[in-house]
Structure formats: structure tokens, C-alpha cells
Amino acid sequence: MTTRHPASDPRYLNIGEVAQIVNVAPHVLRYWEKEFPQIRPMKRGGNRRFYRPGDVDTLLRIRHLLYDRRFTISGAREHLRQSSDAAAAGGGSAQELLDDIHRELLDLHRSLTAGSPDVSGHE
DNA sequence: ATTCTGACA
DNA sequence: TGTCAGAA
């Protein structure tokens, strides 16, 4: 077995890996972090960012809201705030959050199979 | 080579 | 969002 550094641990991804997954430039991910308090990758080794799978999931949802549904930064931020708030309510609203995510995933799937090879919808 | 921060367009 | 400078 080879040595496992934090940066090579499959549980954590660096900004370059995440940028390829969500198909946005690294500096855009840093900008989103300033706008979305929900995204908080941990920093180590100085300032290196290490994203958890959950962070990537949130980033994927943000890209969908911004590029596919053409939400504004404020609109997407509120949408995510409401989603997390619904989950935090805990009053049997967990299903609401799952339903919301399923709706976004379904819409995203339609975009991917609509015949347009470009997921983000712009270049 | 890769990423970071801050700043400007 | 894109690009640059200077540093780690």
C-alpha cells in the first residue's frame, strides 16, 4: 500500500477535482463559498481546501439552480437556506427536503437527456 | 505543477 | 466570470 496523504484520501477532494466534477473553474468555487454559507470546505496545510462528498453534492445543486434554472445568487442562496431550514425544523419535514432534492435531480436528468450535450447550458 | 488571497476589469 | 500578481 502506498502512503495516504490527506490530499490523496478519496474521502476528501481538492478544488481542482471538484471543479472538474461540477464543471466550473476553481475561482468560481471560491466565489460561491463567499456567497453560500452552506459551503464550508475545511482548510489544511495552510490554505488548501478539502471538500467532503456532501460539499460536492451542494455544489452540484447550486450549479443546477444557477445555470439550469437561471436563479440569481440570492435566489439560489435562499433556496438552499429554506431547504436546510426545512431539514433543521425536524418536524417530520425531512421528507420535504428529500422531495425537493429529488425534484432538482429529476429536472437535471431531463436537461442531461434533452439532447443538449452541454450540461451547464452555456460556454 | 497546483492552489491561495486579494484586487481589478 | 475572467484574469493577473505574488506567495506558499
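Convention: sequence-line order gives letters A, B, ...; per-chain numbering from 1.
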- [ ] Whole angstrom is fine here: how far is it from CG in Leu13(A) over to P in dT3(B)?
- [x] 12 Å
Open item on the list: What's the closest nucleotide to the side chain of His27(A) if the choices are dC4(B), dT3(B), dG2(C)?
Closed with: dG2(C)
Task: Glu35(A): side-chain hydrogen bond (donor to acceptor under 3.5 Å, both in side chains) partners, not counting sequence neighbours - done: Arg77(A)
Task: Distance, rounded to the nearest Å, where Arg63(A) contributes CZ and dT1(C) contributes C1' - done: 16 Å
Open item on the list: Can you measure Arg44(A) atom CZ to dT2(B) atom P for me and round it to whole angstrom units?
Closed with: 23 Å
Open item on the list: At 4.0 Å (heavy atoms only), tell me whether Arg30(A) reaches a base, stays on the sugar-phosphate, or touches nothing.
Closed with: base
TODO: Rounded off to whole Å, could you give me the CG-to-P distance for the Asn23(A) and dT1(C) pair?
DONE: 12 Å
Task: CZ on Phe36(A) to CG on Leu29(A), rounded to 0.5 Å - done: 11.5 Å
Open item on the list: Output the rounded distance in Å from CG (Asn14(A)) to P (dC4(B)).
Closed with: 8 Å
Task: Euclidean distance, atom CE of residue Met42(A) to atom P of dT3(B) [Å, nearest integer] - done: 16 Å
- [ ] Could you walk me through whether Glu33(A) and Arg30(A) pass the salt bridge (charged side-chain N to carboxylate O under 4.0 Å, His left out) test, one step at a time?
- [x] CA-CA 5 Å; Glu33(A) 286 175 44; Arg30(A) 297 189 193 104; over 6 Å; no
TODO: Look at Arg49(A) and dT3(B) and indicate whether a side-chain polar atom (N or O) is within less than 4.0 Å of OP1 or OP2.
DONE: no
- [ ] Rounded to the nearest angstrom, tell me the gap between atom OH in Tyr31(A) and atom P in dT3(B).
- [x] 22 Å
Open item on the list: Starting the side chain at C-beta, find the nucleotide from dT5(B), dT1(C), dC4(B) nearest to Lys43(A).
Closed with: dT5(B)
Open item on the list: Please find the pair of heavy atoms, one from Pro41(A) and one from Asp55(A), that lie closest to each other, and give the distance.
Closed with: CA-OD2, 4.1 Å
Open item on the list: What's the separation between atom CD1 in Ile21(A) and atom CZ in Arg63(A), rounded to the nearest 0.5 Å?
Closed with: 10.5 Å
Task: Check: Arg48(A) side chain, dT2(B) base, donor-acceptor under 3.5 Å - done: yes
Task: Distance, rounded to the nearest Å, where Glu17(A) contributes CD and dT3(B) contributes C1' - done: 13 Å
TODO: Using a cut-off of strictly less than 4.0 Å, decide whether Asn47(A) has a side-chain nitrogen or oxygen near OP1 or OP2 of dA8(C).
DONE: no
